[in-house]
Structures are given as structure tokens and as C-alpha cells.
Amino acid sequence: MLAKRVIPCLDVAGGRVVKGRHFRALVDQGDPVALAQAYAAAGADELVFLDIEATVEGRATLLELVRRVARQVFIPLTVGGGVRSADDIRDVLRAGADKASIQTAAVADPDLVSRAARAFGSQCVVVAIDAGRRGPGWQLHTHGARVPTGIDAVAWAVRMQELGAGELLLTSIDADGTRQGYDLEFTRAVADRVSIPVIASGGAGQPQDLVAVFQEGHADAALAASIFHQDRWSIAAVKAELAAAGVAVRR
Amino acid sequence: MIGLVDHGAGNLASVANALDHLEVTWRPVHDAGELEGVTAAILPGVGAAGAAMASLRAGGLDDGLRRFCASGRPYLGICVGLQLLFERSAEDGAAGLGILAGEVVRIPTAAKLPHVGWNTVEHVGGGWLGPFDGDAFYFTHSYVVAPTDRALVAAVTDHGARFVSAIEHGSIFGVQFHPERSGPRGLELLAAFCRAADPVTDAHAR
């Protein structure tokens, strides 16, 4: 039986792991390679590196970091943040990443998703969807959640699947950084509308939040950052709570 | 010497990193000539079968791999590298190498596709996968092999439907999952292939 995945996210800036509350107020969290090794050894199912600066200089630093991590960590790696073109995707894959996460560029150029899927396979194309609640639905945001697009996020998710996305990474900009739990309604609204795997993100503060996003949010994977940083919760402890609640996890 | 067959779509890096970590010596293989120089071959595959086949043909590797497998030298196909062993793929109607009889079909399941994540393998035949019965490996795919000869099925996995997750036929091995991305057990599985395939290389490993 396919296990639900627990995915630590490493927000990277200037070669270090940072974490922002509502995408701001960065706090230095530690060396990415050391953290990646520790997470893999502790049972992380995958790792996501998010380049939250996405500057030209930062990109070279990030790719070098991915190269170093890929030589020592043998679980799937995803790189996101500032992935704007097929060349960017090729660069992160060549550095040793297994998947690239596209967000803002997919809005500016939706065909990038289908070109990337044809060139590299859908399995490496993750489309990141940042959304905030608006009325009865959720609105797609871009540029690190700063810019509302007026596009319905659920409809956008369906379109990204049609264009060849292999997975969707959903982030609730309302829940992100609050540690008050995932946006279960948003996650479920998307997960029930698409046939590709959905990774929920934003708001995890304790193991029960992951239980809820799998059981009530219908997520296939849960991404979390600060819950794992500074040993707040171990991955093993989170997986133990998931297993106790009846969620299939890899132990 | 183990050769890593490059079909241009990437993913050499992951397997190369894993072999380096295992201190197994290897060299990249781009064409039929280079394939003749290796004693065992690994074909790491991601992406679509059709694109991979086109790239193999360009280097004469389609005939090269047929001769290689016929010669009894050990071959390990990973993901698309497994699928290419068969006659054709329903993914894009692409012809495969046709080294083994059977087809590549979409997983007949009501569950989500692509099948992405860690799933367990159940050992059902052959010797190689035996020690890994019940272990979890990382998968990312929508298509699976359907061998005509069920005797070569080495392992099966359940994703709303049971599918073939590994095959073994003489010196030909294939896994639908990614051992290079499956943590310590994945590395051990790769090491087991390398030991069996190329004991000389292993003995002289750094």
C-alpha cells in the first residue's frame, strides 16, 4: 500500500536554511546539508529545497548545495523557487534534484508545464499553488504569495494537471507560518478534484495537523518546515502519531 | 566495470551518486562501442519511453543492448530502463527493445496516478529480491510492465491493483522503483546487483 509522505521543507536563502512567518521575518535555522542528512536518517520520505530569494547569485549557491546534498542523501529531492524556464529545470535536475517545482512561471507561461513534462517527464514537474481564501473559494497568488492573480486556485489546479503536472504542492498563505494547522478545506477541495498526488503545505504545528490533512484534507503528502526544525518534533514521533491514527506511513 | 547507460533525459546523476557512495567504479555509456567495454550495465530511466528509445537508437544502443543481454552479461533496468526491455509501451505507442515478451501498460487502478511515493514490494520469484521482501522503495510512474511469461516476475506491489514491480530473467534484472532514491535499503539492493554482476570490480573498489 502506498504510504502517505512526510516531507520536511528547507527554505534556503544565502546557502542557509531559514523559515519565515508569513514568508517574512527570516530566522537562520542551520546548515542545509547537515539538516538534509539528519532528516533522511530520521525517516523523511522526501526533501524540498525552496530558494526563497531566487536571485542570480543565490541560484548558483543553491545548485551547489543541491549537488552536495544529492551526493549524500538518497531520497527524492525537489527544488523550487525561481524556477522560470525549461533551462532552469534542466539545471536543477542536473544538479541531482529529482523534481522541480514551478509556481510564478507557470502563471506567466502555462505552456512551460507541458513543455517540461514532455522534455523531462511529468514525474519531475511539480506545480506549486499558493492560495488565499477569498469568499467561498481560494485565489491563486504568485511571487512568493505577494501578488493575487484573480485566478481560482482549484480551477488552476485542474488546468495544471491537464497540462502535465505530476504533482501539486498546495500552500495556504492564510495558514502558512501560523502553526495552527493546514487549510483542510482548500487541500480537500483540490485533492478531490484532481487525479494526481497533492502535497499539502502551510500551517503544520503539531503531529495531529498532519493526521488531519491526510484524513480530512485527503492529501497524499504533507510538507512541513518549522515543526521539524530545532528538534521541535522528530519525524519518527510524527510518523508514530500518524500510524497510531491509522495513516499508512513508511516506518 | 559497470556501465551506466546515458539516454540523454537525465537521471544518471542519482544512480552515479549512489554507486560512488557504494564505492563501486563505473563509467558512462553513450553508444554501442562503449557498451562493449563494460561487463555489466545499468539503465537508469526517467521520462517517456519513446524519447529514451529515440536516444538509444541514435547511439546504436538499441541493437547494442540486445546483443549485451543476449551475451549473458548482467543488466539492471530501473523504471523506464525496465520498461524498455519489453516490446511496446501504451504510454506513447513506442516500440521497446523487445528483449523480453510483453507490453508496458497503464496501471489498471482506481487509485491516483502517477503512483508517487514509498510502497512495499512482495517477493514472488527469482533470487535477487528475496532479502528485500516487504521493504519499501520509492516509486514514481503511471505505467508498468506486463510480461507474457509470468515466471520472470520477481516482485509485485499493490496500488489499488497489484502490478509487477521487479523482474528477473537469467542475468536480466529490472525494478519499477528507484533504488537510488530509496534510502539505505535501496543502496543495499544496488550493492547486491553490483556484487553479483561484477565481483571483480567490487573486489577492487576503492
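The analysis underlying the following values was restricted to heavy atoms, covering all of them including side chains, and did not include hydrogens, waters or symmetry mates. Here is the naming used below: chain letters follow the sequence lines, and residue numbers restart at 1 for every chain.
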Given heavy-atom pairs under 4.5 angstrom as the criterion, report whether the side chain, backbone, both or neither of [X] touches chain B.
X        : answer
A:Lys4   : neither
A:Val198 : both
A:Val249 : neither
A:Ala191 : both
A:Ala3   : both
A:Arg94  : backbone

Per-residue tally against chain B (heavy atom, under 4.5 Å) across A:Gln72, A:Arg5, A:Met1, A:Arg250 peaks at A:Arg250
Residue pair B:Asn17 / B:Glu180, side-chain donor-acceptor N/O under 3.5 Å:
no
What residue among B:Phe137, B:Phe132, B:Tyr138 forms ring pair (Phe, Tyr, Trp, His ring centres under 6.0 Å) with B:Phe177?
B:Phe137
Do B:Ser55 side-chain atoms and B:His7 backbone N/O form a donor-acceptor pair below 3.5 Å?
yes
Most contact-rich option vs chain A, by heavy-atom pairs under 4.5 angstrom, among B:Ser142, B:Pro179, B:Gly160, B:Gly117, is B:Gly117
Output, in order, the C-alpha distance, side-chain angles, deciding distance and verdict of ring-ring contact (aromatic ring centres under 6.0 Å, His included) for B:Phe163 and B:His141.
CA-CA 12 Å; B:Phe163 66 86; B:His141 65 117; 5.2 Å; yes
Geometric class of the A:Trp138/A:Phe186 ring pair [parallel <30°, tilted 30-60°, perpendicular >60°]
tilted
What orientation do B:His115 and B:His159 show, parallel under 30°, tilted 30 to 60°, or perpendicular over 60°?
tilted
Using a 6.0 Å cut-off, check whether atom NE2 of B:His169 has over 12 heavy atoms from anything other than its own residue.
no
At a heavy-atom separation under 4.5 Å, does B:Ala136 approach chain A through its side chain, its backbone, both, or neither?
side chain
If one checks every heavy atom of B:Leu187 against chain A at 4.5 Å, the contacting part turns out to be side chain
